[in-house]
Asker: 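Sending over a structure as structure tokens; questions will come in a sec.
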Amino acid sequence: MIPIVVDHFKLDNDLMLSGIINYICKPQFLGMAIILFLSIISIFNLNNTEIITPTNFLNQEIGHYLRNSTTKVIDEAGQLFYSIRAESIQVPPQGSMMLESLTLEYLDSHLYALRGILNANSRLSLSDITSQSSNQAQLIAENLEIDLEDGSANTSNQVRINFENGYFIANGLITNLGSNTIELINGLYGEFGP
Amino acid sequence: MDCTVNLALKLFLLLLSTASFGQENIILEAKKSILDRESNSANFEQIRIAREPLVVTADLAQVNNLDFNQTLWTLSGNINLENEFGSLVADSGQINFTNYEFSNAIFFGTPSRFDLLQSEQETFGEANRIELNLDDRNIRFFNDAIIQVNNTQFRGCDLIFDLNTNRVTAGYSECGENIQITIVVE
């Protein structure tokens, strides 16, 4: 079982705070209420790193949201395996996690995606992806299916690889995030110019 | 009215510039490819490389990098090449691009064959090794080389076809074979 470390998360406090302010109209109570509220939040933040497994993380009875969270997965030796940083994570009581505006760091591969769905079996489906490595050709893909346990990734939709002097387009890709090689399949077309 | 003419002229110039940009580009098409994103080297299956007027197809291709300022392609299997001078078939070979231009190539086969586009005469060459050198504007045929120009056949181990003068000359004679010329009188 691969443990997941939730590095930090923030609750969406704005709605809660405005409710408290509306309820306590008197100014003398306002300061006390804010101090009380911040104390509660600080208690939350003291426990902001927890080791959980994908199974019990997804099988919690109550769904919840995480904002600006980073999920780090470490191997048995304690080394970082991969991390997922997302602006928003929706965790339903059961089923898959829905992620938005996420960055997946898997060894040397850095992928940014607008949306992602993480299943309990470590399958991550990404949509609207761009790679973020400065010293490599840039990958742009409509979607990508990733097995986070072995790093294999594939799609049968259109992908584009941008180089300094040109590009390739293909209708399918097979790769491993742990390697530098990408297999482009189905109707490869490219243009290169000075 | 002037405005309409100006707009039409600008559109025409835009189309012209787009068309000329497309001609300068090197077009690659393949069934599939394996790219190394670190080194930009790549392997291709069923590739077609086009850089007007050059078109090359092959079963397999490997390129050391995709920077066409200086890049070497290694091809194998059912190679076909067409350019402004003619068409070639070979089993394996290497082609060079320098500054995005096809500069020279070497091909192997048993034999490789180059059919030259000559307006008035049937001209072709066969050899185990054929070198295209566009800088020197010649095609060189090595090992069991034959060049046929109409009814005249040249045989040797190193024959050179000059693309400027359309003449055949003998290269180095280190192989020890004398050049043989056969003229068939009809």
Side-chain angles (χ1 to χ4, degrees), chain A residues 104-113 126 129-141 144 146 151-194, chain B residues 14 16-73 75 77 95-103:
Chain A
L104 168 66
E105 294 187 16
Y106 193 105
L107 300 176
D108 291 332
S109 292
H110 293 194
L111 298 176
Y112 171 78
L126 299 180
I129 306 126
T130 53
S131 65
Q132 296 187 313
S133 177
S134 58
N135 59 346
Q136 287 186 334
Q138 183 192 39
L139 165 70
I140 299 173
L144 204 56
I146 301 170
S152 62
N154 68 83
T155 179
S156 55
N157 288 339
Q158 191 174 81
V159 295
R160 180 182 172 114
I161 309 285
N162 284 331
F163 300 88
E164 282 185 10
N165 57 339
Y167 67 88
F168 279 124
I169 291 174
N171 291 311
L173 170 151
I174 301 168
T175 189
N176 190 296
L177 299 180
S179 74
N180 287 321
T181 57
I182 292 178
E183 184 174 344
L184 297 173
I185 53 176
N186 296 336
L188 176 72
Y189 176 88
E191 279 193 44
F192 291 81
Chain B
L14 183 66
L16 200 65
S17 63
T18 308
S20 62
F21 177 76
Q23 284 175 356
E24 288 174 2
N25 282 358
I26 295 167
I27 310 291
L28 300 177
E29 293 169 276
K31 184 180 175 186
K32 72 176 196 177
S33 172
I34 297 175
L35 305 174
D36 188 317
R37 295 166 66 204
E38 195 84 34
S39 65
N40 284 350
S41 62
N43 293 293
F44 298 87
E45 284 185 19
Q46 304 296 332
I47 193 169
R48 181 180 186 272
I49 307 169
R51 169 68 171 91
E52 291 295 336
L54 170 77
V55 176
V56 185
T57 58
D59 288 346
L60 299 171
Q62 183 183 31
V63 62
N64 58 343
N65 70 70
L66 289 163
D67 176 7
F68 284 87
N69 278 315
Q70 186 67 57
T71 191
L72 173 68
W73 288 79
L75 310 172
I95 59 176
N96 272 298
F97 283 87
T98 305
N99 297 325
Y100 292 83
E101 298 280 354
F102 170 52
S103 55

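Side chains are part of it too, since the values below use all heavy atoms of this structure and drop only hydrogens, waters and symmetry mates. Residue numbers begin at 1 in each chain, while the letters A, B, ... track the order of the sequences.
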Asker: Examine whether an atom of A/S131 lies under 4.5 Å from a heavy atom of chain B, and if so say whether it belongs to the side chain, the backbone or both; otherwise answer neither.
Answerer: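 A/S131 touches chain B through side-chain heavy atoms alone.
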Asker: Please report the shortest heavy-atom distance between B/I34 and A/T181, naming the atom on each side.
Answerer: CG2-CB, 4.2 Å
Asker: Could you tell me which portion of A/Y189 (side chain, backbone, both or neither) has an atom closer than 4.5 angstrom to a non-hydrogen atom of chain B?
Answerer: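 Its backbone and side chain both get close to chain B.
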Asker: With rounding to the nearest 0.5 angstrom, report the CD to CG distance, A/E183 to B/N43.
Answerer: 10.5 Å
Asker: Of the non-hydrogen atoms in A/P194 and B/N25, which two are nearest, and what is the gap between them?
Answerer: CD-OD1, 4.5 Å
Asker: Using non-hydrogen atoms and a 4.5 Å limit, figure out which bit of A/L173 sits close to chain B: side chain, backbone, both or neither.
Answerer: neither
Asker: Tell me if the CG atom of A/D108 is crowded by more than 12 foreign heavy atoms within 6.0 Å.
Answerer: no
Asker: Measure distances from B/Y100 to the heavy atoms of chain A and classify the residue's part below 4.5 Å as side chain, backbone, both or neither.
Answerer: side chain
Asker: Taking the side chain as C-beta and beyond, is there a heavy-atom pair between A/F192 and B/T71 under 4.5 Å?
Answerer: no
Asker: In Å and rounded to the nearest 0.5 Å, what is the CG to CG distance from B/L35 to A/L188?
Answerer: 7.5 Å
Asker: Measuring from B/N40:CG to A/N165:CG, what's the distance to the nearest 0.5 Å?
Answerer: 8.0 Å
Asker: Measuring from B/R37:CZ to A/T175:OG1, what's the distance to the nearest 0.5 Å?
Answerer: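 Here the rounded value is 7.0 Å.
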Asker: What distance do A/Y167 atom OH and B/L28 atom CG have between them, rounded to the nearest 0.5 Å?
Answerer: 10.5 Å
